[in-house]
Amino acid sequence: MDSVPDGPLDAEPRGFTSQEEQHAVLLAELDAAGVHLGTYDARIVQWLAGWDWSTVAVVASLIRRAAQ
């Protein structure tokens, strides 16, 4: 899924994505950023994936932009 914003956000991202897809998005962004996860890290990423899409999209966008 590439609905993760590439730049600064001035408005809430809209839409709905399942928790499984959100988890995959977060893991993909972390992997692309070269972030290695420990057991507790993975647990928190799973927890974050349960939030609404607008929150997950912002977190994924922050990871993407920080990696750049």
Mind checking what makes side-chain contact (heavy atoms from CB on, under 4.5 Å) contact with L9, not counting sequence neighbours?
-> P5, P13, V58, S61, R65
Heavy-atom closest pair, residues V25 and A60 | CG1-CB, 4.0 Å
Partner set under side-chain contact (heavy atoms from CB on, under 4.5 Å) for T39, not counting sequence neighbours | none
Minimum heavy-atom distance W53-R14, with the two atoms named | CD1-O, 3.5 Å
Honestly curious: do L30 and L62 fall in one hydrophobic cluster under the side-chain, below-4.5 Å linking rule?
-> no
Please report the shortest heavy-atom distance between I63 and A33, naming the atom on each side.
-> CG2-CB, 4.0 Å
How would you list, by chain and number, every residue that makes a side-chain hydrogen bond (donor to acceptor under 3.5 Å, both in side chains) with R43, sequence neighbours excluded?
-> none
Report the residues that fulfil side-chain hydrogen bond (donor to acceptor under 3.5 Å, both in side chains) with T55, sequence neighbours left out, ordered by chain and then residue number.
-> D52
Residue set satisfying side-chain hydrogen bond (donor to acceptor under 3.5 Å, both in side chains) with E12, at least two apart, ordered chain then number -> S54
Residue pairs meeting ring-ring contact (aromatic ring centres under 6.0 Å, His included), one or both in residues 20-42, sequence neighbours left out, come to none
Please examine the side chains of L27 and L37, heavy atoms only from C-beta on, and report whether any two atoms are closer than 4.5 Å.
-> yes
Side chain to side chain contact (heavy atoms under 4.5 Å, CB included) between V56 and T17: does it pass, once the steps are laid out?
-> CA-CA 10 Å; V56 172; T17 306; over 6 Å; no
